[in-house]
Amino acid sequence: MEFLTDKTDGETLYKLILSLVVPRPVAWVSSLSREGIPNLAPFSFFNAVNDEPPVLMISVSNRDDNTLKDTVRNIMDTREFVVNMTSEELLTKMIKTGQDVPPSEDEFKLAELTPSPSKLVKPPRIAEAPVSFECKLYKYVPVYDMHVIFGEVLLIHVKDELLDEKLNVNYEAYKPIGRLGGDYYVKAYGNCKIKR
Ligand SMILES: Cc1cc2nc3c(=O)[nH]c(=O)nc-3n(C[C@H](O)[C@H](O)[C@H](O)COP(=O)(O)O)c2cc1C
């Protein structure tokens with residue numbers, strides 16, 4: 001099948017991009033409103049775009065009613081956020097924080113997660129997360145209807161049991177997951193180390 005994109009409706013394109021560009025990592029973003037209310041939300045239009053200094057990007061749509069999602073509003077207001085990585089054990093809680101809830105609701109409480117103070121930014125990180133990146137806003141770029149947010153990483157938290165002294169990651173301990181289309185996820189680890 002072929003799809004000429006300028007002749008294809010938005011719903012179809014969304015479905016194709018979501019289900020074909022896979023697996024995607026998920027950024028589980030914690031941010032704070034101007035009033036100091038913590039917010040959590042997952043974003044799979046996410047990746048690393050630079051390593052020195054590390055820069056991560058997330059791409060966020062508006063809500064169906066065309067209003068800004070809380071994450072975008074909070075990052076624009078405070079210029080700080082934390083990208084937490086998720087894992088197999090945290091999958092259900094991560095999905096719970098993808099629900100649309102009013103900004104007054106603390107999603108750490110909603111998903112029964114523990115906020116842990118960050119060192120260099122105000123938004124807390126998720127204590128249960130295997131990895132967290134404390135970020136300051138580097139750049140905001142609108143791309144058609146999306147808000148693309150680049151964050152410069154100031155501090156990287158990695159749970160001790162994930163790294164050995166040579167910085168090899170123990171993926172059996174990390175248990176990273178990847179997002180596919182629909183309700184599908186993959187375990188992004190296993191016996192696929194290549195032989196050199
Ligand atoms: C696994 C997963 C991945 C998601 N990825 C994105 C994404 O890349 N961009 C986006 O705009 N919304 C994405 N969403 C939906 C947002 O998480 C959802 O709209 C959330 O309510 C936004 O919360 P906020 O208003 O607190 O920022 C995703 C949801 C899930 C469960």
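Worth saying up front: this structure is predicted, and the values here are computed from it rather than measured. We're numbering straight along the sequence, starting at 1. In each ligand, atom 1 is the first atom listed, and ligand 1 is the first ligand listed.
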**Student:** Hey, which atoms in ligand 1 end up nearer than 4.0 Å to a heavy atom of Gln99?
**Tutor:**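 So the answer, numbered in order with elements, is 21 (O).
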**Student:** Please work out whether any backbone atom (N, CA, C, O) or any side-chain heavy atom from C-beta onward of Thr71 is under 4.0 Å from ligand 1, and answer side chain, backbone, both or neither.
**Tutor:**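 Answer for Thr71: both.
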**Student:** List every atom of ligand 1 that sits less than 4.0 Å from any heavy atom of Val60, numbering the atoms from 1 in the order shown and giving each element.
**Tutor:**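 So the atoms of ligand 1 that pass are 11 (O).
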**Student:** Is any side-chain heavy atom of Phe81 closer than 4.5 Å to one of Val121?
**Tutor:**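 A side-chain contact under 4.5 Å is absent here.
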**Student:** Which is it for Arg125 and Ser132 under the side-chain hydrogen bond (donor to acceptor under 3.5 Å, both in side chains) test, yes or no, and what are the steps along the way?
**Tutor:** CA-CA 7 Å; Arg125 64 189 170 96; Ser132 302; 4.6 Å; no
**Student:** Does some non-hydrogen atom of Arg63 fall short of 4.0 Å from ligand 1?
**Tutor:**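 It does, in that a heavy atom of Arg63 comes within the 4.0 Å cut-off of ligand 1.
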**Student:** Enumerate the atoms of ligand 1 whose separation from the nearest heavy atom of Ser61 is less than 4.0 angstrom.
**Tutor:**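 Every atom of ligand 1 under 4.0 Å from some heavy atom of Ser61: 10 (C), 11 (O).
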**Student:** With heavy-atom distances below 4.5 Å as the criterion, would you say the side chains of Glu161 and Asn170 are in contact?
**Tutor:**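 Not touching, per the 4.5 Å side-chain cut-off.
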**Student:** What protein heavy atom sits nearest atom 25 (O) of ligand 1, and how far off is it?
**Tutor:**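 Sorting protein heavy atoms by distance from atom 25 (O) of ligand 1 puts Asp70 N, 2.9 Å first.
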**Student:** For Val55, does its backbone N or O pair with a side-chain atom of Asn50 as donor and acceptor, under 3.5 Å?
**Tutor:**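 Flag not set: sc Asn50 to bb Val55 has no pair under 3.5 Å.
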**Student:** Hey, are Asp77 and Ser33 close enough side-chain-wise for a donor-acceptor pair under 3.5 Å?
**Tutor:**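 There is no such pair (donor and acceptor under 3.5 Å, judged by atom type) between the side chains of Ser33 and Asp77.
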**Student:** Give the numbers and elements of all ligand 1 atoms closer than 4.0 Å to a heavy atom of Asn39.
**Tutor:**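 Answer, ordered by atom number: 24 (P), 26 (O), 27 (O).
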**Student:** Would you mind running through ligand 1 and noting each atom that sits below 4.0 Å from a heavy atom of Glu107?
**Tutor:**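 Listed by number with element: 26 (O).
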**Student:** Is ligand 1 under 4.0 Å from a heavy atom in the side chain of Lys69, in the backbone, in both, or in neither?
**Tutor:**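 Under 4.0 Å from ligand 1, Lys69 contributes backbone and side-chain atoms.
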**Student:** Any idea which protein heavy atom is nearest atom 23 (O) of ligand 1, and the distance to it?
**Tutor:**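 Protein heavy atom with the smallest distance to atom 23 (O) of ligand 1: Ala41 CB, 3.3 Å.
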**Student:** Going through the distances and angles, do Trp28 and Met85 end up as a side chain to side chain contact (heavy atoms under 4.5 Å, CB included)?
**Tutor:** CA-CA 6 Å; Trp28 202 1; Met85 299 302 288; over 6 Å; no
**Student:** Give the atom numbers and elements of ligand 1 that come within less than 4.0 Å of a heavy atom of Gly98.
**Tutor:**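 Going through ligand 1 atom by atom, the ones under 4.0 Å from Gly98 are 17 (O), 18 (C), 20 (C), 21 (O).
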**Student:** What protein heavy atom is closest to atom 2 (C) of ligand 1, reported as residue, atom name and distance in Å?
**Tutor:**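 Nearest neighbour among protein heavy atoms for atom 2 (C) of ligand 1, to 0.1 Å: Arg179 NE, 3.6 Å.
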**Student:** Any idea which protein heavy atom is nearest atom 8 (O) of ligand 1, and the distance to it?
**Tutor:**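 Looking only at protein heavy atoms, the one closest to atom 8 (O) of ligand 1 is Phe45 N, 2.8 Å.
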**Student:** Could you walk me through whether Leu137 and Glu80 pass the side chain to side chain contact (heavy atoms under 4.5 Å, CB included) test, one step at a time?
**Tutor:** CA-CA 6 Å; Leu137 178 64; Glu80 294 184 340; over 6 Å; no
**Student:** His157 and Asn84: side-chain donor and acceptor closer than 3.5 Å?
**Tutor:**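 No, because no side-chain N or O of His157 sits under 3.5 Å from a partner of the opposite role on Asn84.
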**Student:** Below a 4.0 angstrom heavy-atom separation, can you tell me which part of Met146, side chain or backbone, both or neither, approaches ligand 1?
**Tutor:**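 Answer for Met146: neither.
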**Student:** Name the option, out of Pro42, Ser59, Ser44, that contains the heavy atom nearest to atom 13 (C) of ligand 1.
**Tutor:**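 The nearest heavy atom belongs to Pro42.
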**Student:** Under 3.5 Å, is there a donor on one side chain and an acceptor on the other for Lys69 and Ser61?
**Tutor:**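 Note: Lys69 and Ser61 side chains meet the donor-acceptor criterion.
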**Student:** Output the list of atoms in ligand 1 that are nearer than 4.0 Å to some heavy atom of Tyr185, sorted by atom number.
**Tutor:**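 So the answer, numbered in order with elements, is 1 (C).
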**Student:** Applying salt bridge (charged side-chain N to carboxylate O under 4.0 Å, His left out) between Glu88 and each of Lys93, Lys175, Lys187, report the one that passes.
**Tutor:**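 Exactly one candidate clears the test, Lys187.
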